Amino acid sequence: MPNARWTFDATPAAVRTVRGRMSEIVREWGAALDDDQYAHLRLVASELLTNSLLHVGGRLAAEITLDHPYLIVEVTDGDPRMPLRATAHPYAEHGRGLALVDAICLLHGCEPVGTGKRCYAVLSLVPETPGAAGRNPPPEAGSAARRHADRWTLTPAAYRLLCRLSPAGPAESRATRRER
């Protein structure tokens, strides 16, 4: 599974360089991304990197992993505070980044690591079919997923990925079906 990692001081120039390098390395790996998917990669990388630059600063680590059919972008910083989604005023210049990441990623989130946090986003290498996207937990996701729907969003493809990665997902689904 191809992987690349950069550690750098948070500056606008470094963010620009790492974002560009992420796109270049994915091309070097031979990933079959169309122009829209490359634009999404650059936007997601830019958002995660820029959030750490603006709100944390200091030393950052960025990582990209190709785990076909997924591309995982991660940024780790030294601040344990989790990012909060802003409600942007219609004329505001900032505050829409996480909403954009939410709209184009299968899933994204943030988790504590050491003395800081790791923010990640998962992009699909498979172009979405029209009408396939949905942001609510699928009915088979079970009661726990529906109970936490206000805290995260999940596309059908992301649900399938989580089921593949976590044995708890399908087990809860079977239990929920028995309750019905």
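Since the model is a prediction, treat every value here as computed from it, not as a measurement.
- Crowding of D34 atom CG: a count of heavy atoms from other residues, nucleotides or ligands under 6.0 Å exceeding 12.
- One finds no salt bridge joining R27 and E24 here, because no Lys/Arg side-chain nitrogen approaches an Asp/Glu carboxylate oxygen to under 4.0 Å.
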**Q.** side chain to side chain contact (heavy atoms under 4.5 Å, CB included) evaluation trace for D67 with V122
**A.** CA-CA 10 Å; D67 186 2; V122 180; over 6 Å; no
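- Formation of a donor-acceptor pair under 3.5 Å by the K117 side chain with backbone atoms of D77 is not found in this model.
- Taking CD1 of I72 as the reference point, atom NE2 of H108 lies at 15.0 Å (rounded to 0.5 Å).
- Rounding to the nearest 0.5 Å places CG of L60 at 7.5 Å from CG of L53.
- Residue E74 holds its CD atom at 8.0 Å from CZ of R5, rounded to the nearest 0.5 Å.
- Residue T65 holds its OG1 atom at 4.0 Å from CG of N3, rounded to the nearest 0.5 Å.
- Seen from the ring of F8, R59 does not count as a face-on cation partner, given the 6.0 Å and 45° thresholds.
- Considering every non-hydrogen atom in both L43 and L100, the closest pair reads CD2-CB, 4.0 Å.
- Considering only heavy atoms from C-beta on, M82 comes within 4.5 Å of C110 through its side chain.
- With rounding to the nearest 0.5 Å, the separation of CG in L41 from CD1 in I104 is 9.0 Å.
- Closest approach of M22 and A62 over heavy atoms only: CE-CB, 3.7 Å.
- The minimum heavy-atom distance between L123 and L106, with the atom names listed, is C-CD1, 4.4 Å.
- If you run side chain to side chain contact (heavy atoms under 4.5 Å, CB included) between W6 and each of I64, V75, T17, only I64 comes through.
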Q.
I'd like to know whether S46 forms a side chain to side chain donor-acceptor pair (under 3.5 Å) with R19, so could you lay out the CA-CA distance, the side-chain angles of the two residues, the decisive distance to 0.1 Å, and finally the verdict.
A. CA-CA 6 Å; S46 184; R19 179 186 61 220; 3.2 Å; yes
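- Rounding to the nearest 0.5 Å gives a distance of 4.5 Å between OG of S23 and CZ of R42.
- Between the side chain of E47 and the main chain of V44, no donor-acceptor pair closer than 3.5 Å is present.
- When all heavy atoms are compared, the tightest approach of A45 to V73 is CA-CG1, 4.2 Å.
- The two residues R118 and T76 have their closest heavy-atom pair at CG-OG1, 3.7 Å.
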Q: Go through the steps to decide whether I25 and L66 satisfy the test side chain to side chain contact (heavy atoms under 4.5 Å, CB included), and finish with yes or no.
A: CA-CA 10 Å; I25 203 151; L66 176 59; over 6 Å; no
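- P83 has its side chain within reach of C119: a pair of non-hydrogen atoms, C-beta onward, lies under 4.5 Å apart.
- G78 and V56 make their closest contact through N-CG1, 4.2 Å (heavy atoms, listed as atom of the first residue, atom of the second, distance).
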